[in-house]
Protein chains: 2
Amino acid sequence: MKKETRQEEIIRIAARLFKEKGYSAVTMRDLAAEMGIKAASLYNHINSKQYILDMIIITLAEKFTDGMQQIQSSDDNCIGKLKQIIELHVKLSSQNIYGMASLNNDWMHLAEKRDYYKKLRSNYEEDFRSILEEGIASGEIVNEKPEVMMFSILTTLRSLYIWIPKKEDLNLRELSATLNQILIKGINK
Amino acid sequence: MKKETRQEEIIRIAARLFKEKGYSAVTMRDLAAEMGIKAASLYNHINSKQYILDMIIITLAEKFTDGMQQIQSSDDNCIGKLKQIIELHVKLSSQNIYGMASLNNDWMHLAEKRDYYKKLRSNYEEDFRSILEEGIASGEIVNEKPEVMMFSILTTLRSLYIWIPKKEDLNLRELSATLNQILIKGINK
DNA sequence: TGAACAAACTAACAGTTGTTAGTTTAATGT
DNA sequence: ACATTAAACTAACAACTGTTAGTTTGTTCA
């Protein structure tokens, strides 16, 4: 396990503050105070406030993209792929509780990286939708509107970061299984 | 239909801006520009920026509380009540697209009204949970953790405001029906 | 016609914002 | 022992923040 750099520490603390109050409401002085230093000292390690947000969001968004690519290239059927997607979200959400908040709520404050983020997200949704459509075509899942199914599943998975920290004794494997039951069995024929 | 006061107009426009950028990132000068006036002129109609947020969030939160009370006092069974809850969210979300964004993302920027809001929300969730527990006890719904079921359904319903505006030709009655199928049939025995 | 009023305006305030420049401090490796 | 370097510091900046005070404009109605 490599030791965390000072920059990584700043970004980690920033993500926690961004989750509580949102990017715009957190000042560099807030962040510095939380680190126990002065605001100006932050700039020995990062270029700008914007850079912190970019790092938090883009790094995490790319992990979802990577995960989805792996799932797509597996030879599982539709239901199996959906199960893998649930596990991906449970894993990444539990490992990046604070980052998920920025990903969901502060992406609009990205600057140059905003279009790139939106591209990643729409690609992800497209992949998701095509998995559902294949499942409908092959008769694996019910013939409801794939848009609404995706919306329902994806918003639940995207909100896991709110909910996971509230459960102190949480078994992630068990959570995946329960979500699988609740989200899929309503779809499965 | 009573004509909208200037204050109501300001609050309506503010809610739209808050949805796009969040409460903290919207300045009184942004809001004034959108109204076609100067920032100082806003204060002929409202006391403070805070007041605008209070009105948006509390007004809407109380509508949910009222709706839930009506549902609880109905003599429907569990599944029927869940269906009513879905319809309540579809109705209030479609009528308050912008307000729902503040309700979900900016409630932490409430000041004096923050505790009151949190109380309304926890009461709402308690009512929701007890409906599910009754359903489990009576054998109407599957015996999965009510916490996870509530989380899954509620986060989907709370995110409708993101999704509804993207569908231009949206039949609300049909949306309720589809959500009912997707969210409930996974629970229904 | 003129009083009353709603609603805009200009000008300014005190505090906060992200950020830069230049300097000091303490630990590290030769 | 000394040069290097990481990481803190103080001081300051220009721009922006929510908000107040006092004034002007235009419409309504007695």
Side-chain angles (χ1 to χ4, degrees), chain A residues 1-58 98 102 105-114, chain B residues 1-58 98 102 105-114:
Chain A
M1 195 81 82
K2 257 187 84 184
K3 208 181 131 218
E4 182 181 47
T5 68
R6 199 75 168 126
Q7 175 175 119
E8 286 164 347
E9 191 183 355
I10 289 172
I11 292 173
R12 179 170 55 82
I13 302 294
R16 200 185 73 220
L17 298 187
F18 291 170
K19 188 202 169 199
E20 282 162 22
K21 306 169 57 177
Y23 174 73
S24 302
V26 174
T27 71
M28 295 303 274
R29 284 164 181 85
D30 290 339
L31 175 54
E34 200 72 13
M35 298 283 301
I37 60 178
K38 300 284 170 177
S41 306
L42 294 168
Y43 288 83
N44 285 316
H45 310 283
I46 49 109
N47 301 326
S48 62
K49 188 186 180 190
Q50 184 70 62
Y51 172 81
I52 299 175
L53 186 67
D54 291 351
M55 286 295 285
I56 294 172
I57 293 183
I58 299 298
Y98 304 127
S102 298
N105 305 320
D106 282 322
W107 59 267
M108 72 283 275
H109 297 118
L110 293 172
E112 302 92 38
K113 295 241 156 51
R114 192 163 167 222
Chain B
M1 195 79 82
K2 255 186 87 183
K3 207 181 131 215
E4 182 180 47
T5 67
R6 199 76 168 129
Q7 176 175 117
E8 287 164 344
E9 190 182 355
I10 289 171
I11 292 172
R12 178 170 56 81
I13 302 295
R16 200 184 72 218
L17 298 186
F18 291 169
K19 188 202 169 200
E20 282 162 21
K21 306 171 57 178
Y23 174 73
S24 302
V26 175
T27 71
M28 295 303 274
R29 285 167 180 82
D30 290 339
L31 175 53
E34 200 71 15
M35 298 282 302
I37 60 178
K38 300 285 169 176
S41 305
L42 294 168
Y43 289 84
N44 286 317
H45 308 283
I46 49 108
N47 300 326
S48 63
K49 189 187 179 189
Q50 185 70 62
Y51 173 80
I52 298 176
L53 187 67
D54 291 351
M55 286 295 286
I56 293 172
I57 293 183
I58 299 298
Y98 304 127
S102 298
N105 305 321
D106 282 322
W107 59 267
M108 73 282 273
H109 299 118
L110 292 173
E112 302 92 37
K113 296 242 155 51
R114 190 162 166 222

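Letters go in sequence order (proteins before strands), and every chain restarts at 1. Any value given below was found using the heavy atoms of this structure, including those in side chains, with hydrogens, waters and symmetry copies removed.
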### Query
Do any of residues 23-36 of chain A sit with a heavy atom less than 4.0 Å from DNA chain C, and if so which?
Val26(A), Thr27(A), Met28(A), Arg29(A)
Under the salt bridge (Lys or Arg N to Asp or Glu O under 4.0 Å) test, which residues partner [X], sequence neighbours left out?
X	answer
Glu20(B)	none
Arg29(A)	none
Arg114(A)	none

### Query
How would you give the extent of chain A contacts on DNA chain D, as first and last nucleotide 5' to 3' within a 4.0 Å heavy-atom cut-off?
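Result: dA7(D) to dA12(D).
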### Query
If you measure from CD1 on Ile46(B) to CD1 on Ile10(B), what distance do you get to the nearest 0.5 Å?
6.0 Å
### Query
If you round to the nearest 0.5 Å, how far is CD of Glu4(B) from CD1 of Ile11(B)?
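These two atoms lie 9.5 Å from each other.
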#### Entry: For Phe18(A), ring pair (Phe, Tyr, Trp, His ring centres under 6.0 Å) partners two or more places apart
Tyr23(A)
### Message
Filter on side-chain hydrogen bond (donor to acceptor under 3.5 Å, both in side chains), then keep only pairs touching residues 44-54 of chain A, sequence neighbours left out; what's left?
### Response
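Qualifying pairs: Gln7(A)-Tyr51(A), Gln50(A)-Asp54(A).
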### Summary
In short, Ile58(A) meets Leu110(A) closest at the heavy-atom pair CD1-CD1, 4.5 Å
### Message
Using side-chain heavy atoms (C-beta onward) and a distance below 4.5 Å, is Ile57(B) in contact with Lys113(B)?
### Response
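No - every pair of side-chain heavy atoms lies 4.5 Å or more apart.
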### Query
For DNA chain D, which residues in residues 37-51 of chain A have a heavy atom at a distance below 4.0 Å?
Ile37(A), Lys38(A), Ala40(A), Ser41(A), Asn44(A), His45(A)
Solution key, residues 30-42 of chain B side-chain donor-acceptor pairs under 3.5 Å, sequence neighbours excluded:
| residue | atom | partner | partner atom | Å |
| --- | --- | --- | --- | --- |
| Asp30(B) | OD1 | Thr27(B) | OG1 | 3.4 |
| Asp30(B) | OD2 | Thr27(B) | N | 3.1 |
| Asp30(B) | OD2 | Thr27(B) | OG1 | 3.3 |
| Glu34(B) | OE2 | Arg16(B) | NH2 | 2.2 |

